Amino acid sequence: MFTSNDGLCGIGELAEGAGVTVKTVRFYSDRGLLPEASRSAGGHRRYGPEALDRLRLIRSLRALGLAVPEVRRILDERHAHGTAGGEGGALEAAVAGRLREVGSELRALRWREAALRLVQEAPPGEQADRLRLIGAVSVPPSTAPLVRFWRGWLPARMPARSAGAFLDVAVPQPPDEPAPAQVLAFARLNALTLAPCRPGTVQPQPEAHRAAGARGAAQLYTGLAEAYELAGVQLRRGREPHPGEALDAFVASYTSAYGVRDTPGFRRRLAGQLAADPRLDGYWELVAEVTTAPGARPEPTPGSAHDWLLAALTAGTGVVPDQGTSPRQSKRRTSPGLGV
């Protein structure tokens, strides 16, 4: 290729050797990625023998989707250390970053594909509603509206660590490869959590938030997380609500928050209080749809675990159930102000 007496080649020869266009060589030269060795008497660019390997490397890096600034850092590092990766790891860092970007792009594409199928498969009368719902969800989908909803629900001044631990459990992550039904459930969840933000709506609060205060609420939610996990084991086994370790942990979370002893009288009062509390059944039902793979048995949620524990508590205290105290009845109960 380098057949001239001075050992250099022109831009056309270099482009042909690397399998790119002259315009491409000129582009990289103008941006300092491909230095010229000299100019001919007529002002034409001349390149040295090392230019071909450098151009091939640039082409490979760009084919991976790396940006020009990243390519420049890799080339500079290679020149300084004599290796493709360099001692500073510019290549490794750029590839890792690009992999993260590609992962996000793939998740967005999978979400769009499932959303398109959701609209395609919708009965004619439901297409407009589904378009409205999925149009309100960012791509890739964000859980920010759900987080804002729960921060408004949790007691003010609740310790950040306790609030964060609860949010990890309460806010479902959108599946990486969603089915159309999961896209619909997440879109409905997104719409549900935005409802309390509308003017004129008031977000209901459970009595425990008022009675326990911020510090007591932190203890309460820590204890509830343990109780819900224990109840989840029973739910996965298909067990009916019953006394035992899960119920004891459930009651203990409230006695710890309130600073009282566990007595039969307290359990009766607690059963009545929880039966009267505002319910978020619609939220938890949608969470189960989002987190459960198509055809699989629904995964327990804090909502279904709470219903199971409340049913066990009610049965053990002799309190007459009213609307919302049993899992089956609670599903028909609406949450004030949430439009469920």
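Bear in mind that the values here come from a model prediction, so they are computed numbers and not experimental data. Computed from heavy atoms alone, side chains included, the values below leave out hydrogens, waters and symmetry copies.
- Salt-bridge formation is not detected for the pair D53/R78: no Lys NZ or Arg NE/NH1/NH2 atom is positioned less than 4.0 Å from an Asp or Glu carboxylate oxygen.
- Counting heavy atoms of neighbouring residues, nucleotides and ligands inside a 6.0 Å radius, atom CZ of R261 does not exceed 12 of them.
- Under 4.0 Å is where a charged nitrogen must lie from a carboxylate oxygen, and between R130 and E126 at least one such pair does.
- Few gaps surround CD on E36; more than 12 heavy atoms of other groups in view lie less than 6.0 Å from it.
- Partners of H242 according to the ring-ring contact (aromatic ring centres under 6.0 Å, His included) rule, which considers only residues two or more places apart in sequence or in another chain, are W308.
- Using cut-offs of 30° and 60° on the angle between ring planes, the pair F250 and H306 is perpendicular.
- Taking a cutoff of 4.0 Å between a charged side-chain nitrogen and a carboxylate oxygen, E101 and R98 qualify as a salt bridge.
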Please report, to 0.1 Å, the donor-acceptor pairs under 3.5 Å made by any side chain of residues 163-190, with sequence neighbours excluded.
unit_1, atom_1, unit_2, atom_2, d
Q182, OE1, A179, N, 2.9
Q182, NE2, V290, O, 2.9
Q182, NE2, T292, O, 3.2

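- Atom CD in Q234 sits 12.0 Å away from atom CD in E229 (nearest 0.5 Å).
- Atom CD1 in I74 sits 8.5 Å away from atom CD in E92 (nearest 0.5 Å).
- Here the closest non-hydrogen pair linking A231 and A246 is N-CB, 3.8 Å.
- Salt-bridge annotation for R73 and E77: absent, with no side-chain N of the basic residue lying under 4.0 Å from a carboxylate O of the acidic one.
- One finds a salt bridge joining R132 and D129 here, because a Lys/Arg side-chain nitrogen approaches an Asp/Glu carboxylate oxygen to under 4.0 Å.
- Counting all heavy atoms, side chain and backbone alike, Y47 lies closest to P35 at CD2-O, 3.6 Å.
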